[in-house]
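Every chain is numbered from 1, with letters handed out A, B, ... down the list of sequences. Keep in mind that the numbers below use all heavy atoms, side chains included, and drop hydrogens, waters and symmetry copies.
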Amino acid sequence: MIEVQGLKKNYGSFTALKGIDFTINKGQIVGFLGPNGAGKTTTMKILSCFMYPTSGEVKIDSKNILSKPDEIRRLIGYLPEHNPLYEEMIVYSYLSFVCDMRGIPKSKKADAISRVISITGLSEMADKTINVLSKGYRQRVGLAQAMIHDPMVLILDEPTSGLDPNQIVEIRNVLKEIGKEKTVILSTHILSEVEHTCERAIIIDNGKIVTDENIDVLKKGFSDTDHIDVVIKGIESKDYVEKLFSNCGSLQDIVIENSICSFKVITDDSSDNREKIFGTVVKNDLVLLELHAKPRSLEKLFQQLTYEDKADIK
Amino acid sequence: MRNILKIVKREIFSMITTSGTYVVAGLFLLLTGWYFSSSLLVRNRADLDSVFSIIPFLFMFFIPAITMKLIAEEKKNGIMEQMLTFPVSDVQYVIGKFLSAFIFIAALLLFTLFYYITIEIIGEPDTGKIIASYISALFLGGALISIGLFASSQSSDQITSYIVSFSIIFVLYLADKVVNVIPFEIQNVVLYLGTDTHYRNMLRGVIDSRDIVYFISIILLFLFLTARNLEKRKW
């Protein structure tokens, strides 16, 4: 559906994209992740034919964006960053205007509008002026606008920014529903977003792809133990704890208060040492209050990937 | 063509709902009305010469005010990004913007027909000359809108775009007034480039193809430059 090869983009002397390759199949929901300024928005602007790449090839539905931008524009629905709307218009007439611009015939207009209004839950707001709407509702108008011509590909630049948690869940469900048949690409810098909505994550940093994996694979690969939280009763000195658990890994954040000692155990090979810890506790007649293995989160992965990348450059 | 009409329709709607439009229209009619009535009542003349002689001056201030936001604002708030990812070409977008401002100017001039009706009732005006005057005002308006649109596409700041378009319009307006102080060899060129030279030619009641060619070239040149400015974003 979408094929991107060696995509590069320069803004003057600044290089925003340094060669990006990926392929997205039909019916996939793909999350574009990356810190600010990583090149997410630039990639989306190129996919939506708003701007052209400096070099590289982009094909959507096997049509090249350079030779057939008009046909591609018909295939995609695009929600730009910051969700720009004609503020002074009424929601319904704005959507009707978008229908006109999208070339939807008059006979199908009413159907198209009522379809997106019901998907995005805008029915109560349809007769309100856009500038009185809350941010969440404006975001829905933006989404409705992007889906109105039933596009094959939806490109959404930060679709859930500025929404409250309930609205985020609703929009997620909407996206999942759409993603069953359509290809959806969304960008975000919120990780849980990708975890919940997308099947696949492309993490970009500094204009390059650092990871392109299915979410499940990503999660599995990084579900190893990050550290183990331990709380033990009956210990008076730090040295004693360190000596006792030296064979389980390195200890950190040791706090002793009223003979209750809490600390973290970090192992080099991310192995689960809970059994060892438990054994040590029992052997020394201590009381174990808490023992908890913390898995490495996607957040950590993200930090690692984007941080290591920067270290490489330096 | 359909895309252009849809853009024009939306743009006109937006003008109707903006208070600034009424301020511009009100001031325009107030000032032309003042010139019309003073010529009619004080000098007792049944013509619109005084109205049409003030129009280039009013256009110089008002047209940049109308055009400044047309592209600059959409550039700034991102709507341009939205519009240009619809199946709409840059040229259609520019022409849509141009036509909507042109329709607004034409509507303003339409209101001044009241002046003509007044003198038609109480006197015997030279109708042919007045028709020529309207045509020349429309051409002048078109040229200045095109310049204003170009300025609006130059930056995403409305004030900058006002100043740029005002400056270009002002220089072109001055051309035939400073012609005496410039070297003889280039006098004709400067005279030809001035908007007022052609405007006044047409006001006399003579529709000369050279004047029409001049105005149409200005309109096309600046529309072309505007479209090129938009094209730049792609690379």
request  = Check the surroundings of atom OH in A:Tyr11: do more than 12 heavy atoms from other residues, nucleotides or ligands lie under 6.0 Å from it?
outcome  = yes
inquiry  = Looking only at heavy atoms and a cut-off of under 4.5 Å, which of B:Glu81, B:Met80, B:Glu74 has the most pairs with chain A?
reply    = B:Glu81
ask   = chain B: which of A:Glu87, A:His82, A:Met89 shares the most heavy-atom pairs with it under 4.5 Å?
value = A:Met89
Structural part of A:Ile46 lying under 4.5 Å from a heavy atom of chain B = neither
ask   = Is the ring centre of B:Phe224 less than 6.0 Å from the ring centre of B:Phe150?
value = no
Contacting region of B:Thr85 [heavy-atom separation from chain A under 4.5 Å] = both
inquiry  = Taking the ring centre of each residue, are B:Tyr192 and B:His198 less than 6.0 Å apart?
reply    = yes
ask   = Which bit of A:Tyr94 is near chain B, if near means a heavy-atom gap under 4.5 Å: side chain, backbone, both or neither?
value = side chain
A:Phe97 portion near chain B, given a 4.5 angstrom heavy-atom threshold = side chain
query = Can A:Arg73 be said to sit on top of B:Phe86's aromatic six-ring, NZ or CZ under 6.0 Å from centre and within 45° of the ring axis?
reply = no
Side chain, backbone, both or neither of A:Ser48 within contact of chain B (heavy atoms, under 4.5 Å) = both
Over 12 non-hydrogen atoms of neighbours within 6.0 angstrom of NZ in A:Lys109 = yes
inquiry  = Against B:Phe166, only a single residue in B:Tyr173, B:Phe61, B:Phe62 fulfils ring-ring contact (aromatic ring centres under 6.0 Å, His included); can you say which?
reply    = B:Phe61
query = Does any heavy atom of chain B fall under 4.5 Å from the side chain of A:Pro69, the backbone, both, or neither of them?
reply = neither
request  = Let me know which of B:Tyr115, B:Phe52, B:Tyr116 forms a ring-ring contact (aromatic ring centres under 6.0 Å, His included) with B:Tyr134.
outcome  = B:Phe52
request  = Would you mind checking which part of A:Glu71 comes under 4.5 Å of any heavy atom in chain B, side chain (CB onward), backbone (N, CA, C, O), both or neither?
outcome  = neither
ask   = So what's closer than 4.5 Å to chain B heavy atoms on A:Ile155: side chain, backbone, both or neither?
value = neither
